[in-house]
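To start, the structure under review is shown below, and the notes come after it.
Within every chain, numbering begins at 1; the chains are lettered A, B, ... in the order of the sequence lines, protein sequences first and strands thereafter. Side-chain atoms are counted along with the backbone in the values below, which use heavy atoms only and exclude waters and symmetry mates.
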Amino acid sequence: MHTKNLKHYIGQEVTLQGWVANKRESKTVVFINLRDGQGMCQCILGIDDIGEEQFSEAKSLGQESSVAITGKVVEDTRQIGGFELHATSLTVYQNASDYPISNKEHGVEFLIDNRHLWLRSRRQWAIMKVRNSIIYAIHNFFQSQDFVQMDAPIFTGNAAEGTTDLFETDYYGKPAYLTQSGQLYGEAMAMAMGKIYTFGPTFRAEKSKTRRHLSEFWMIEPEMAFCDIFENMDLIEEFLRSVVQEVIEKCPTEMEILGRDISKLSTVSKPFPRLSYDEAVEILKGDKDVDGQNSLLTLEQDLKDVEARMVEINADIAEREAAIAAGGMKKGAINFNQNKIDSQKQELKQLEEDQRNIPQWMVSARDFVYGNDFGGSDETVLTRLFDRPVMVYDWPHEIKAFYMKRNPEDPRFARGVDVLAPEGYGEIVGGGERETSEEWLVEKINEHKLPMDVFQWYLDLRRYGSVPHSGFGLGLERLVAWICKLDHVRETIPFPRYYGRLEP
RNA sequence: GCCUUCAUAGCUCAGCUGGUUAGAGCGGUUGACUGUUAAUCAAUAGGUCCCUGGUUCGAGUCCAGGUGAGGGCGCCA
């Protein structure tokens with residue numbers, strides 16, 4: 001019996017098994033918030049109902065003790081989940097003590113060190129449920145359109161793009177690398193099956209310390225034969241719309257726990273803006289406005305807003321501190337104000353970082369050199385002006401991977417496309433149309449100084465029935481972070497691996 | 001790799017321009033009270049102020065180096 005199904009058992013006696021998420025006690029009654037992995041239910045254990053022996057056992061239970069509680073289901077709209085259980089008996093599997101994670105706020109380092117326990121917290125529970133729904137929605141989308149799921153190898157002998165750092169392992173005495181993309185293998189499989197997608201782990205040994213990088217993450221890479229860049233963009237748009245809408249429908253409770261404003265996500269139903277690299281650069285540098293909004297002026301305003309907010313918070317903190325210092329305040333009120341001050345100081349730290357960063361971003365955007373790739377901050381500046389994902393296509397071919405198809409009408413550009421998520425989440429999708437000509441590919445492989453021999457099998461794909469084809473790569477963790485509006489991708493995966501973190 | 005911010009009780013933090021015995025809240029323990037929602041009230045235990053060196057009559061506080069962490073850039077999904 002699970003808390004989720006209580007609505008079907010009103011007035012009946014059921015047994016719930018779970019963990020003590022929180023407990024309050026008085027002389028004759030103990031309240032237990034029971035967590036069973038599917039939901040929560042408050043259980044009322046009265047001394048007269050369960051007897052003195054079980055009652056004293058109930059009183060002694062520590063946070064996260066494992067128990068089974070039998071009792072009658074009663075509707076009570078005030079409660080989380082809408083029901084409570086009037087207990088008639090209690091079975092204790094284990095009485096736990098000194099659970100390290102309390103209901104108070106904790107720091108990131110402490111929480112990540114205790115990730116194996118942190119996963120039990122309400123917010124983390126909601127994130128994992130959303131992640132699960134996203135994964136399901138992704139499979140659902142591709143399967144319903146006759147894509148074939150394939151698994152690309154994790155050990156590879158070479159770097160697909162040659163630029164990033166890879167994890168090296170020993171493969172029977174030869175060096176092998178953990179894959180950083182399954183795309184080339186996806187292309188081969190697409191020539192066999194028509195439409196495929198990979199869904200697997202990806203590894204990058206970049207020593208990044210940012211809120212959107214992991215060393216090990218999950219990537220979804222569809223690849224379609226007979227598909228050009230514009231059809232590819234149509235698919236990306238349809239795909240993101242479908243996944244986001246399915247998750248919004250399936251996870252209302254989770255979104256509420258996360259405090260996610262769903263209206264900010266519903267905008268995916270509108271068409272995604274498609275900008276060429278040239279247009280995007282103009283907007284970024286502030287030479288072109290979007291709906292009357294200018295990138296540089298918007299940033300200036302952001303900085304002013306940050307500073308105004310800092311003044312506001314400082315004043316409020318000072319006021320509360322003065323009120324506490326004045327004395328005569330009840331302990332509960334002091335407590336409340338202290339906590340308020342604590343959380344405001346957290347916000348202040350974040351604002352101080354924004355205050356340091358925004359001027360750098362402005363400089364970066366204003367002085368952007370045409371022909372370069374967009375930096376993380378440039379993406380933020382650009383997407384700041386839109387309320388939905390933005391697609392940027394036709395990039396200078398020099399900054400894109402060797403396999404990108406050149407625009408036949410203007411060979412300065414390669415037919416790559418990046419999808420930038422709103423609200424500062426950056427690049428969630430990178431893809432494009434692939435080069436079909438063996439000749440051009442060979443030239444590019446030489447240009448990138450890649451070993452020709454290991455690409456012979458890849459060139460075979462152009463020798464035997466080469467067709468226009470496209471695909472893209474979606475970072476699952478970045479998608480989860482955006483949909484849940486999390487401030488770090490490390491919360492999007494059960495056990496994150498990033499620079500400096502291998503445990504737990 | 002570069003830039004930047006930080007490290008004080010189990011947890012979250014305060015500790016001003018260096019000064020005598022380092023504080024608060026939460027959590028723990030004990031008691032009181034209560035259909036409670038992070039309950040409340042009282043009492044109580046709990047510290048190598050990250051490490052090493054320096055300045056000083058005196059360092060949690062200042063300086064240098066180290067270690068660890070947060071964030072930004074680069075790189076990318």
Side-chain angles (χ1 to χ4, degrees), chain A residues 21-33 40 42 44 46 62-63 76 78-80 84 86 97-114 161 163-165 180-181 183 202 204-215 217-221 317 321 324 330-339 341-343 345-346 349-350 352-361 363-364 372-380 399 401 418-421 425-431 472-482 487-490 499-501:
Chain A
N22 201 6
K23 189 193 73 175
R24 287 163 297 280
E25 56 184 270
S26 69
K27 205 168 215 167
T28 57
V29 63
V30 171
F31 301 93
I32 289 175
N33 279 354
M40 292 273 252
Q42 171 164 277
I44 292 91
Q63 197 183 351
D76 187 337
R78 291 171 304 174
Q79 303 306 334
I80 302 162
E84 58 179 26
H86 289 217
S97 54
D98 299 324
Y99 185 69
I101 300 177
S102 67
N103 286 320
K104 244 263 177 166
E105 277 185 56
H106 296 282
V108 246
E109 195 184 357
F110 177 81
L111 288 171
I112 206 83
D113 281 341
N114 288 286
E161 298 171 32
T163 50
T164 37
D165 293 333
Q180 63 156 359
S181 165
Q183 186 210 309
T202 303
R204 306 265 167 99
E206 296 155 355
K207 292 179 178 172
S208 302
K209 289 190 83 129
T210 82
R211 54 186 73 197
R212 54 180 189 281
H213 286 88
L214 292 171
S215 301
F217 62 98
W218 288 70
M219 191 150 70
I220 294 90
E221 294 179 285
I317 289 175
E321 279 176 344
I324 293 170
K330 279 194 76 177
K331 202 174 170 186
I334 292 173
N335 205 344
F336 175 81
N337 280 299
Q338 282 289 0
N339 285 332
I341 290 170
D342 275 7
S343 63
K345 284 192 175 171
Q346 286 298 320
K349 276 186 186 172
Q350 183 59 53
E352 278 166 6
E353 267 171 13
D354 290 346
Q355 194 186 24
R356 278 192 295 270
N357 290 330
I358 292 175
Q360 293 176 25
W361 295 356
V363 171
S364 165
N372 285 353
D373 202 352
F374 291 160
S377 66
D378 302 325
E379 289 173 355
T380 307
I399 56 171
D418 283 0
V419 179
L420 311 176
Y425 284 93
E427 190 180 342
I428 49 170
V429 168
F472 62 89
L474 168 88
L476 176 64
E477 285 73 20
R478 286 189 185 173
L479 182 63
V480 176
W482 167 49
D487 55 17
H488 204 299
V489 285
R490 76 182 142 221
Y499 183 55
R501 173 64 59 179

Starting at the 5' end of RNA chain B, which residue's closest nucleotide do you reach first, Pro100(A) or Ile428(A)?
Pro100(A)
Of the listed nucleotides [options], the one nearest the side chain of [X]:
| X | options | result |
| --- | --- | --- |
| Glu109(A) | A77(B), U36(B), A69(B) | A69(B) |
| Met219(A) | A77(B), G71(B), U37(B) | A77(B) |
| Arg490(A) | A39(B), G71(B), G28(B) | G71(B) |
| Asp98(A) | A77(B), G72(B), G28(B) | G28(B) |
| Thr210(A) | C76(B), G35(B), G72(B) | G72(B) |
| Phe110(A) | U12(B), G35(B), G70(B) | U12(B) |
| His106(A) | U12(B), C73(B), A77(B) | U12(B) |
| Gln42(A) | G68(B), G35(B), C76(B) | G35(B) |

Check step by step if side-chain contact (heavy atoms from CB on, under 4.5 Å) holds for Arg478(A) and His213(A).
CA-CA 9 Å; Arg478(A) 286 189 185 173; His213(A) 286 88; 3.7 Å; yes
Could you walk me through whether Val108(A) and Arg490(A) pass side-chain contact (heavy atoms from CB on, under 4.5 Å), step by step?
CA-CA 10 Å; Val108(A) 246; Arg490(A) 76 182 142 221; 3.3 Å; yes
Has Phe217(A) got its ring stacked on A77(B), by the test of a centre gap below 5.5 Å and a plane angle below 30°?
yes
Measure the distance from [atom1] on [X] to [atom2] on [N] and round it to the nearest whole Å.
| X | N | atom1 | atom2 | value |
| --- | --- | --- | --- | --- |
| Ile101(A) | G28(B) | CD1 | P | 15 Å |
| Arg211(A) | G72(B) | CZ | C1' | 9 Å |
| Asp487(A) | G71(B) | CG | P | 8 Å |
| Asn33(A) | U36(B) | CG | P | 14 Å |
| Asn357(A) | C73(B) | CG | P | 7 Å |
| Lys207(A) | C76(B) | NZ | P | 17 Å |
| Tyr499(A) | C75(B) | OH | C1' | 14 Å |
| Arg501(A) | G70(B) | CZ | C1' | 12 Å |

Using a 4.0 Å heavy-atom cut-off across all strands, classify Val489(A) as base, sugar-phosphate, or nothing.
nothing
Partner of Ile220(A) under side-chain contact (heavy atoms from CB on, under 4.5 Å), chosen from Val429(A), Leu479(A), Leu476(A):
Leu476(A)
Side-chain (Asp113(A)) to main-chain (Phe110(A)) donor-acceptor, under 3.5 angstrom
no
Backbone of Arg212(A) reached by a side-chain donor or acceptor of Thr210(A) within 3.5 Å:
yes
What about [X]: does its side chain form a donor-acceptor pair under 3.5 Å with the base of [N]?
| X | N | value |
| --- | --- | --- |
| Ser208(A) | G74(B) | yes |
| Glu84(A) | G35(B) | yes |
| His213(A) | C76(B) | yes |

List the atom of Ser181(A), the atom of Thr202(A), and the distance in Å for their closest heavy-atom pair.
N-CG2, 4.1 Å
Test item: Glu427(A) and Phe374(A) side chains (from C-beta on) under 4.5 Å apart, heavy atoms:
no
For the residue pair Ile101(A) and Gln63(A), establish whether any side-chain heavy-atom pair is separated by less than 4.5 Å.
no
Determine the interatomic distance between [atom1] on [N] and the same-named atom on [M]; round to the nearest Å.
| N | M | atom1 | value |
| --- | --- | --- | --- |
| U40(B) | U52(B) | P | 40 Å |
| G25(B) | A45(B) | P | 14 Å |
| G46(B) | A24(B) | P | 14 Å |

One should report the stems of RNA chain B, each a stretch of at least three consecutive Watson-Crick or G-U pairs at distances under 3.5 Å, as B:1-7 with B:67-73, B:10-13 with B:23-26, B:28-32 with B:40-44, B:50-54 with B:62-66
